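Written below as structure tokens is the structure these notes are about.
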Amino acid sequence: MSQITVANILSLGVGLLVLAYVMYCLINQKFWNRRVNGWGERDEHPKIFMLNIVIGTLIVIWTILRALLL
């Protein structure tokens, strides 16, 4: 069982923020496009959209599991 530390709380916080971003992207079918400094549509760049979802989900899993297991 892991102990509650500041690092664990921060890790959970980061994981929850990334989860919120991924959920926003899935619900609205948009993602933050750095090239135009604005929101891009899924239809305009489907591969980048899916890459954001997959990488974001992996980050969420990694940060939350790391905080809970270490």
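Just so it is clear, the model here is predicted, and its values are computed rather than measured.
Residues satisfying the ring-ring contact (aromatic ring centres under 6.0 Å, His included) criterion with Trp39, sequence neighbours excluded, are Tyr24, Trp32.
Atom-to-atom distance recorded for Leu17:CG and Thr63:OG1 is 9.5 Å, nearest 0.5 angstrom. Atoms CG and CG, from Asn8 and Leu68 in turn, are 8.0 Å apart once rounded to the nearest 0.5 Å.
Of all the heavy atoms in Val60 and Gly15, the pair that sits closest is CG2-O, 3.5 Å. In terms of heavy-atom proximity, Ala67 sits nearest to Leu12 at CB-CG, 3.8 Å.
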Run the side-chain donor-acceptor check on residues 41-58: report pairs under 3.5 Å with partners two or more places apart or on a different chain.
residue	atom	partner	partner atom	Å
Arg42	NH1	Gln29	OE1	2.8
Thr57	OG1	Ile53	O	2.7

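With hydrogens and angles ignored, the 3.5 Å screen pairs no side-chain donor or acceptor of Asn28 with any backbone N or O of Lys30. Looking only at distances, no side-chain donor or acceptor of Ser11 sits under 3.5 Å from a matching main-chain atom of Ala7.
Listed by chain and number, the hydrophobic cluster partners of Ile27 come to none, as no ILVMFWY side chain reaches under 4.5 Å of it.
Both Met23 and Tyr21 are part of a single hydrophobic cluster, where members link through side-chain heavy atoms under 4.5 Å apart.
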